[in-house]
> 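Pasting a structure here, questions to come.
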Amino acid sequence: MPTDFALTRRQFDLPEGVIYLDGNSLGPLPKAVAERVGQTITEEWGKLLIGGWNKAGWEAMPMAVGNRVARLIGAEPDSVVMGDTLSIKIFQLLASALEMRPDRRVILSDTGNFPSDLYMAQGLSAMLGQGYSLRTVAPEEVMEAIDDSVAVTMITEVDYRTGRKHDMRAITARAHEKGALTIWDLAHSAGALPVDLAGSGADFAAGCTYKYLNSGPGGPAFAYVAPRHQSRVRPALCGWLGHDAPFDFDPDYRPAPGVARLRVGTPPVLQLAALEASLDIWETVDMGDLRARALELTDAFIAGVEAACPDLKLATPRDHAMRGSQVSFRHPEGYAIMQALIARGVVGDFRAPDILRFGFTPLFIGPEDVEKAVSVLAEVMATRAWDRAEYRVRARVT
Ligand SMILES: *Cc1c(COP(=O)(O)O)cnc(C)c1O
């Protein structure tokens, strides 16, 4: 059955009059979340107290929810685990991958990667010493830069700024040909487009759930380890819940079988409950339908803005194969323009130095929203409505 996007849209609680083009940064609230989390609080925490870990299945949530996320990213059963934040998961996966390539010292990434990923690689290299380093090249040069000094590639599939998409299959194949491992950051892929981790031969992946997967602010990350590597991975962060038998309280660490060894400490049960309510909506979504709709929306937005706003310069590739589910335009006054848009109910965001970023999330954004957003943006540009001192005052979060 084709995905009913009118139905998915009705399952979100969006403020009246707002066109929310920032679901790529913080997904909006699914209507079912309040009840689901409320029930976890009153019926489980409130009544079961400590018994909730067994009776309400809290203990099993990181793997159980991981299996629901697995479907959206083409991962094998029992190869995805939930917990911590994306930055932490990147650190863990990097440390594991480096240990599996002991004769190599280079982490390869691109200059468009999200700073936290790069910082994690820098921090880990400094901690390890022994000549480990992070090498970054332009996104277009990644393929060429994979040589036999590279231990691991750490690439975010879709660039958070420009929306440019890498070819996961090709990069993974090239890395393997050169003897390197791959870590894929799916922050702007999970819930944004079809991902085929198993089919691409990816080694490791991680992503967050508070963006396209709508788990709410602070929602946990997910981590993926290909089944063929799971028994070889030594977690750098050896927490008790990643232990083979946490309730033996053994003073010596012994990793759990499988991907569960990437668990660290106590899971965020309330946030996982919120994610579960959101995943109920995702159960009704076909990723092929989602992709077709997202391309339709992004194409329409690009065409509309280019026709009406000659001063905005497209930063996102036109080629469908090279595009995620967002559209970015450059303008030196991008910050002020975005504030003027937000004041008019069209919510995107700004990424330094000059990027206006608009996320297209078919679960709750349709063609009529695109049309309205284009007309508001055209009006803001034509009248220079952005040119006000108040729109230049930078908030802490942009
Ligand atoms: C959003 C994002 C992050 C954020 O990491 P957290 O630890 O969840 O704050 C990391 N990497 C990329 C590529 C992102 O887009």
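In listed order, ligands and their atoms are each counted from 1.
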> Which residue and atom name correspond to the protein heavy atom nearest atom 8 (O) of ligand 1, and how close is it?
Tyr210 OH, 2.7 Å
> Below 4.0 angstrom from a heavy atom of Asp185, which ligand 1 atoms are there? Numbered from 1 as shown, please.
11 (N), 12 (C), 13 (C)
> Where's the contact between Ala187 and ligand 1, heavy-atom distance under 4.0 Å: side chain, backbone, both or neither?
side chain
> For ligand 1, which part of Thr156 has a heavy atom less than 4.0 Å away: the side chain, the backbone, both, or neither?
side chain
> Measuring from atom CG of Leu21 to atom OG1 of Thr361, what distance do you get when rounded to the nearest 0.5 angstrom?
7.0 Å
> Which of parallel (below 30°), tilted (30 to 60°) and perpendicular (above 60°) describes Tyr160 and Phe114?
perpendicular
> Looking only at protein heavy atoms, which one is nearest to atom 7 (O) of ligand 1, and how far off is it?
Ser87 OG, 2.6 Å
> Checking a contact table here: which protein heavy atom is nearest atom 2 (C) of ligand 1, and how many Å away?
Lys211 NZ, 2.5 Å
> Using atom types as modelled and distance alone, determine if a side-chain donor or acceptor of Thr398 lies under 3.5 Å from a backbone N or O of Phe350.
yes
> Identify all side-chain donor-acceptor contacts of residues 330-338 below 3.5 Å with residues at least two apart in sequence or on another chain.
residue, atom, partner, partner atom, Å
Arg330, NH1, Asp354, OD1, 3.2
His331, ND1, Glu333, N, 2.9
Glu333, OE1, Arg392, NE, 3.2
Tyr335, OH, Val393, O, 3.2
Tyr335, OH, Ala395, N, 3.0

> Compute both the distance and the angle, then confirm whether Arg9 meets the cation-pi test with Phe364: under 6.0 Å from the six-membered ring centre, within 45 degrees of the axis.
no
> Which pairs with one or both residues in residues 49-74 pass ring-ring contact (aromatic ring centres under 6.0 Å, His included), sequence neighbours excluded?
Trp53-Trp58
> At under 4.0 Å between heavy atoms, which part of Asp117 makes contact with ligand 1: side chain, backbone, both or neither?
side chain
> Would you mind running through ligand 1 and noting each atom that sits below 4.0 Å from a heavy atom of His188?
15 (O)
